[in-house]
Amino acid sequence: MNLFTDIRALVVEKLDDLVADGVLPAGLDYANVAVEPPRDALHGDMATNAAMVLAKPAKSKPRDIAEALAAKLADDPRITNAEVAGPGFLNMRLEASIWQSLVANVLEQGTNYGQSNVGQGKRINVEFVSANPTGPLHVGHTRGAVFGDALSSLLGYAGYDVDREYYINDGGAQVDVLARSVYLRYLEAHGQEVAFEDETYPGEYLIEVGQDLKDEKGDAYVGQSESVWLSEIREYASDKMMDLIRADLASLGIKMDVFFSEKSLYGTGLIEAALKSLEDKGLIYEGVLEPPKGKKPEDWEPRVQTLFKSTEHGDDVDRPVKKSDGTWTYFAPDIAYHYDKVTRGYDALIDIFGADHGGYVKRMKAAVSALSDSKTPLDIKLTQLVKLYKNGEPFKMSKRAGTFVTLRDVVEQVGPDVARFVMLTRKNDATLDFDFDKVLEQSRDNPVFYVQYAHARIRSVLRKAAEQGIAVDDATLKAADLSNLAHESEINVAKKLAEWPRLVEIAARTHEPHRVAFYLYELASELHGLWNKGNELPELRFLQEGNAAASQSKIALARSVAVVIAAGLGILGVTPAEEMR
RNA sequence: GCACCCAUAGCUCAGCUGGAUAGAGCGCUGCCCUCCGAAGGCAGAGGCCGCAGGUUCGAAUCCUGCUGGGUGCGCCA
């Protein structure tokens, strides 16, 4: 249930009446007619722009249409009054009973309240993290992981059938580097002195892998050439790294539905098939690229390569799919991977990349557009950098100094709930400041705390009520007499609750889970405000002394706030707090 | 040189498929606990929405051009 769509349906119904009355011409397009909360609450509960949108096509004055529409709307029992304002806005006020029954409705539906069917069960694939299997996840990955997971949950809540997917880059040279690094640790486990050259990973997390390899294989690889061990260790090591990464993700509560291996594209004809598909569309040719202007590489020389005509699908230049020596570029398996996603029958694809892959967006969109004949939309969300702070001071990361911060470091220091919430209180395309101290601060300045506090307060009221022998189960609460929830402050809380379903749809449509976090902050603010009003106005307190029935109706409102907070936090992957400590 | 992202209060940031007098928090000023958690609340001051044009009933929002910051740019994935 969504009050805004209900009222919009009413507006449309009344517009049709006006058409029947001959006030408006037939055949008008209502697509742009919106019913929204007015920016200023003084204007009313809901506003529609119908008159302004329809004035031109109806060849009429906005205010005339608005007046006629207002008269029609005033007939509806739900509308207390409808008045024209400004250039032709129509402001509506709703009966208090609407807001009261909304509270009952929230309790009826529980955390399903706000779920939407805008997704219509469409299948959507969200690919995220996709870090190379060469080591543990770091902070940058954390943001992408949290964002992707929350977006997936949000889309699921909005009625999509979502698959979370991880693309394992286990086909390239970086896995060879990993294998060589593990080999060094393996030799080390055999007591040899080893040196880590530039082209190796010196990270200590490989010590254990080398040791395990020794335990399994003994000295079988010692003193052997790469041709003996490279491919085997590559496999062994990348499996180990994926175990590590899976555990990292699990520590944040993230579980992927699909892990797709790049390696599985090679030697199976999948890359060839994808390229063939493009070739059949006339989008593959042999050619020479222009050097990039202004930043000409020293060793630039013209080369003939196999190119994908990505410019025909919105890219700036055509992109190579084969190197001059005939081997695939990185782009080729990526095309094949997306071809696979397209052929798996998804209605839409979402890729989540780090900001450093921004240059990749156009060619990837071009590829999917070409592969699916523009039928499968691909949205690519970039997550910007995370800047770390400690006590307000920038926290420098350096791989060499061993001070690079991993996902595990973050989770261990602040916990998964805080890490997730903080990462989601910013738009994905804005850089994020993450201060290890500030995120644990207990004040209004810290949204995590503030929202959790609101939830904990409500739980506290429920506990208190139970101690006093008042029944506070949802079945009892929703049957309570809610008509005394009539004070402006109480109605305002209910109005905020009414926005939830609408917000879910907006956030899902724009692929912006941060909107959920901001909404929860606003809702928490309403709750805290009402709570404090109880200081001066005892009739607003949730616990009405000696009056169980009155208490139950007040608590019903508080409980419905807790339900929506829990639902919102659920989307963000955060556990609602029972109490603050 | 080109592409993408960002620019809103002193600071950190919201702002819905274009809507009315642009909103929060921090900081600043002043208030509110015999009362369900003051870990909170209320009020006040604080704005050329980077600059300049354009589109229209209407622009922080869309388009173009600038300025400043970030990211990236053919045999690295």
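Chain letters run A, B, ... following the sequence lines, proteins first, then strands; residues in each count from 1. In what follows, every heavy atom counts, from backbone to side chain, and hydrogens, waters and symmetry copies are set aside.
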Whole angstrom value for the distance that separates [atom2] of [N] from [atom1] of [X]:
X         : N      : atom1 : atom2 : result
Met364(A) : C4(B)  : CE    : C1'   : 16 Å
Lys533(A) : C31(B) : NZ    : P     : 20 Å
Arg8(A)   : C16(B) : CZ    : C1'   : 15 Å
Glu499(A) : G15(B) : CD    : C1'   : 13 Å
Leu3(A)   : C16(B) : CG    : P     : 22 Å
Asp429(A) : A14(B) : CG    : C1'   : 13 Å
Leu178(A) : A77(B) : CG    : C1'   : 13 Å
Gln384(A) : U71(B) : CD    : P     : 9 Å

(Q) In terms of relative ring orientation, are Phe434(A) and Phe436(A) parallel, tilted or perpendicular, with 30° and 60° separating the classes? (A) perpendicular

Q: Could you label the plane-to-plane angle of the Phe259(A) and Tyr166(A) rings as parallel, tilted or perpendicular, counting under 30° as parallel and over 60° as perpendicular?
A: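 If you compare the ring of Phe259(A) with that of Tyr166(A), the planes turn out tilted.
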
Q. Of the options Lys554(A), Arg541(A), Lys496(A), Lys495(A), which is the one that meets Glu490(A) in a salt bridge (Lys or Arg N to Asp or Glu O under 4.0 Å)?
A. Lys554(A)

Q. Ignoring hydrogens and geometry, is there a side-chain-to-backbone donor-acceptor pair from Thr329(A) to Pro320(A) under 3.5 Å?
A.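 Flag set: sc Thr329(A) to bb Pro320(A) pair under 3.5 Å.
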
Which part of the nucleic acid, if any, lies within reach of [X] when heavy atoms closer than 4.0 Å are counted: base, sugar-phosphate only, or nothing?
X         : answer
Glu441(A) : nothing
Phe449(A) : base
Tyr450(A) : sugar-phosphate
Ala85(A)  : base
Arg426(A) : sugar-phosphate

Kindly indicate whether the side chain of [X] and the base of [N] share any N or O donor-acceptor pair separated by less than 3.5 Å?
X         : N      : value
Asp356(A) : G72(B) : no
Asp315(A) : A3(B)  : no
Arg303(A) : G74(B) : yes
Arg515(A) : C16(B) : no

Counting only Watson-Crick pairs (N1-N3 plus N6-O4 or O6-N4) and G-U wobbles (N1-O2, O6-N3), all under 3.5 Å, who is the partner of [N]?
N      : value
G23(B) : C13(B)
A43(B) : U29(B)
C66(B) : G50(B)
C73(B) : G1(B)

Q.
Regarding Ser525(A) and Arg444(A), do their side chains bring together a donor and an acceptor under 3.5 Å, going by distance alone?
A.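 Yes, because at least one side-chain N or O of Ser525(A) sits under 3.5 Å from a partner of the opposite role on Arg444(A).
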
Ignoring backbone atoms, test whether [X] places a side-chain nitrogen or oxygen under 4.0 Å from the OP1 or OP2 oxygen of [N].
X         : N      : answer
Arg457(A) : A38(B) : yes
Lys427(A) : A14(B) : yes
Trp531(A) : A38(B) : yes
Lys438(A) : G25(B) : no
Arg63(A)  : C57(B) : no

Q) Do the two ring centres, one from Tyr450(A) and one from Tyr521(A), sit under 6.0 Å apart? A) yes

Q) Taking for each residue the nucleotide of RNA chain B bearing the nearest heavy atom, is the 5' side occupied by Lys323(A) or by Ala34(A)? A) Ala34(A)

**Q.** Given RNA chain B, 5'-ward residue of the pair Pro37(A) and Asp445(A), judged by closest heavy atom
**A.**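 Counting from the 5' end, the first nearest nucleotide belongs to Pro37(A).
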
Q.
When you compare the ring of His528(A) with the six-membered ring of G40(B)'s base, are the centres less than 5.5 Å apart and the planes under 30° from each other?
A. no

Q.
Should Phe89(A) be counted as stacked on A20(B), where stacking needs a ring-centre gap under 5.5 Å and an angle between planes under 30 degrees?
A. yes

Q: Assess Arg502(A) against Phe4(A): is NZ or CZ under 6.0 Å from the centre of the six-membered ring, and within 45 degrees of the ring's axis?
A: yes

Q | Nearest-neighbour nucleotide for the Pro320(A) side chain, C36(B), G74(B), G40(B) considered | A |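 The closest nucleotide is G74(B).
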
